[in-house]
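These notes are about the structure you will find just below.
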Amino acid sequence: MNTMESSREIRPPSNNVGVVGWLKHNLFNGVFNSIITLVVLAVLIRVVPQFIQWAFIDAVWFTSGKECHEASGACWSVVTKNIRFNIFGYYPYDQQWRPLLAMLLLVGMLAYSRDWKRWNKKLGYGWLLALFVMGVLMKGGLFGLEPVETTKWSGLPLTLLLSFFGIAASYPLGVLLALGRQSDMIIIRSLSVVYIEMIRGVPLITLLFMSSVMFPLFLPEGVTIDKVLRAQAAIILFTAAYIAEVVRGGLQAMDKGQYEAAESMGLNYYQTMRLIILPQALKIVIPPTVGILISAFKDTSLVVIIALYDILNTTKSILNTPEWTGFSTEAYIFIAIVYYLCCFSMSQYSRRIEK
Amino acid sequence: MEEYQRSGTAAAGQQPIIEIIEMHKWFDDFHVLKDINLQVHPQEKIVICGPSGSGKSTLIRCINRLEEHQRGSIIVNGTELTRDLKNIEKVRTEVGMVFQHFNLFPHLTILDNLTLGPIWVRKMPKKEAEELAMHYLEIVHIPEQAGKYPGQISGGQQQRVAIARSLCMKPKIMLFDEPTSALDPEMIKEVLDVMVDLAHQGMTMLVVTHEMGFAKTVADRVIFMDFGEIVEENEPNEFFDNPRHDRTKLFLSQIL
């Protein structure tokens with residue numbers, strides 16, 4: 001059969017390939033690694049069966065809180081029985097299809113935009129339209145939809161809203177700040193430096209407090225600004241400062257020759273930045289940028305502190321009801337999975353764009 | 001490289017296209033260019049040589065204001081270079097520059113590298129710019145590489161693309177800053193050939209180079225710089241056969 005195969009070619013020794021070879025190479029490659037392998041194995045053997053016993057075999061899934069207290073395993077009922085409150089919070093019960101639809105629209109748009117080759121003007125208009133539709137769905141008051149106050153927005157839609165707009169607005173703002181910090185104009189440069197250093201010197205919680213408690217004190221009487229909007233602004237301003245520093249790193253990594261080549265062709269500052277420098281600099285800094293955006297996503301849970309009900313806070317409310325007290329492990333595992341799925345998608349998403 | 005009829009000296013009666021008068025430049029305290037006086041006439045080819053650190057690159061970078069001079073004046077095609085951005089951009093559209101390290105835009109294809117200037121600076125329609133770009137790619141003998149990215153072609157090809165990119169702006173003057181210094185020896189000739197062709201077509205050229213063969217065949221004048229000064233300038237045969245200054249003699253003995 002194999003006439004192509006040279007007669008000189010012989011099979012490698014059996015202990016270098018296949019399962020044995022793999023084990024030898026990856027797990028028992030030296031004394032120290034062998035010990036580590038054995039220790040890890042011992043821990044896994046003790047922990048994994050016990051976890052499976054608790055999480056699946058002894059677990060109850062769709063019971064009341066009372067029966068849960070009698071079960072020896074995990075009480076997933078705390079998740080399943082409260083899923084709608086957990087996800088949609090205080091949004092009117094019979095209207096919850098609206099935030100659901102809005103979230104699906106968001107996910108759909110993001111999924112479609114994952115390939116940057118599809119990014120064009122049409123997609124931009126598509127996004128504007130989608131954002132408008134999402135806004136109408138959430139807020140209501142148009143097309144016969146019942147108006148819903150923003151104070152009732154809560155749960156996962158609130159988390160996604162704060163993160164999405166936090167990310168979408170802080171990114172361009174951060175780029176502008178980075179350019180400002182590199183600017184030759186001293187006033188712009190100093191303002192950017194002061195802004196970035198001030199924001200980075202303060203925890204997000206402080207900003208959230210300021211925006212929700214202190215900021216209204218400065219407003220004239222009768223003027224109020226939406227609480228969600230204020231929290232949103234704080235998140236945007238905070239994240240932008242961090243983005244700015246990462247982007248500055250990218251700008252500094254650029255070869256001076258790129259600026260010179262662009263300038264010597266007669267391109268002006270904006271053209272040079274938009275066409276030559278930023279496309280390259282931003283691409284270099286995609287990995288650290290995604291790190292910041294992921295932590296911005298997780299930081300939205302800090303809005304708990306100003307009494308906004310994001311998905312973490314709705315979970316806490318559930319655990320505060322007598323029926324479900326004591327099942328925090330299960331409830332938090334569920335939230336952890338939700339957060340993990342979102343963050344993992346973000347990092348996968350960025351990898352696609354990086355190509 | 002074949003011999004060809006020099007044109008520059010014949011044009012000496014014309015108005016100079018570049019005029020540098022008593023120009024000085026400092027990098028902080030370091031006096032890098034001292035009292036430079038230079039007139040370049042249309043179609044003249046000037047080769048500038050000198051030891052490293054002599055200010056030759058800085059001199060030609062002053063001509064399109066990649067470097068700012070602090071005293072004296074530089075007038076390019078009737079526009080004096082001052083802090084005025086409008087003037088600087090005007091001069092830059094008329095002066096092409098080729099760098100030692102090519103400085104192609106790595107995120108754009110060869111074709112996009114070439115059309116960028118015409119489209120954004122000259123406001124040319126895309127289709128027309130692409131035709132122009134292909135025309136110049138043919139002149140530098142690599143039209144087949146149009147769809148590739150700079151990282152996918154050789155150094156010599158990249159430098160030829162860089163020359164074509166400058167030509168797409170239809171410049172009146174071309175500056176070359178050590179265009180072959182970063183190239184492997186076997187690629188130097190292909191770039192020099194393109195530059196010789198360009199010289200034949202009457203381009204005004206200022207070339208910083210150590211390629212003395214190129215200077216002998218193409219240059220109307222050779223300028224020798226040392227310690228920020230123009231030490232000697234002469235037509236090439238005189239320059240190489242009868243250098244007048246000791247510093248020139250020393251330099252020539254080291255490189256020839």
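By convention in this document, chain letters (A, B, ...) are assigned in the order of the sequence lines, proteins followed by strands, and residues within each chain are numbered from 1.
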For this session: May I ask you to decide if L66(B)'s main-chain N or O and E263(A)'s side chain share a donor-acceptor pair within less than 3.5 Å?
Result: no

Exercise. From W120(B) CH2 over to M265(A) CE, what is the distance, rounded to the nearest 0.5 angstrom?
Worked result: 12.0 Å

Exercise. What residue, out of P171(B), S166(B), P106(B), C168(B), has the most heavy-atom pairs lying under 4.5 Å from chain A?
Worked result: P106(B)

Problem set entry | Main-chain N/O of S264(A) paired with N64(B) side-chain donor or acceptor, under 3.5 Å | no

For this session: Count the heavy atoms belonging to other residues, nucleotides or ligands that lie under 6.0 Å from CG of L341(A), then report whether that count exceeds 12.
Result: yes

Exercise. Are E260(A) and R61(B) close enough for a salt bridge, meaning some N to O gap below 4.0 Å?
Worked result: yes

For this session: Mark yes when over 12 heavy atoms from residues, nucleotides or ligands other than D184(A) sit less than 6.0 Å from its CG; otherwise mark no.
Result: no

For this session: Could you walk me through whether L85(B) and N268(A) pass side chain to side chain contact (heavy atoms under 4.5 Å, CB included), step by step?
Result: CA-CA 9 Å; L85(B) 273 178; N268(A) 61 33; over 6 Å; no

Exercise. Within a reach of under 6.0 Å around CZ of R200(A), are more than 12 heavy atoms found that belong to other residues, nucleotides or ligands?
Worked result: yes

Exercise. Considering only heavy atoms, which portion of V95(B) lies under 4.5 Å from any heavy atom of chain A: side chain, backbone, both, or neither?
Worked result: backbone

Seminar exercise, completed: Distance col, row L116(B):CG vs T272(A):OG1, nearest 0.5 angstrom, shows 9.0 Å

Exercise. Which answer fits N113(B), side chain, backbone, both or neither, if we ask what part of it has an atom under 4.5 Å from a heavy atom of chain A?
Worked result: backbone

For this session: Measure F99(B) against the heavy atoms of chain A and call it side chain, backbone, both or neither at under 4.5 Å.
Result: side chain

For this session: Please say whether more than 12 non-hydrogen atoms of neighbouring residues, nucleotides or ligands are located less than 6.0 Å from CG in L128(A).
Result: yes

Exercise. Closest approach of H107(B) and P279(A), non-hydrogen atoms and distance?
Worked result: CD2-CB, 3.7 Å

For this session: Start with the C-alpha gap between L275(A) and L108(B), add the side-chain angles, then the distance that decides, and say whether side chain to side chain contact (heavy atoms under 4.5 Å, CB included) holds.
Result: CA-CA 10 Å; L275(A) 300 167; L108(B) 300 176; over 6 Å; no

Problem set entry | Proximal component of L104(B), with respect to chain A [non-hydrogen, under 4.5 Å] | backbone

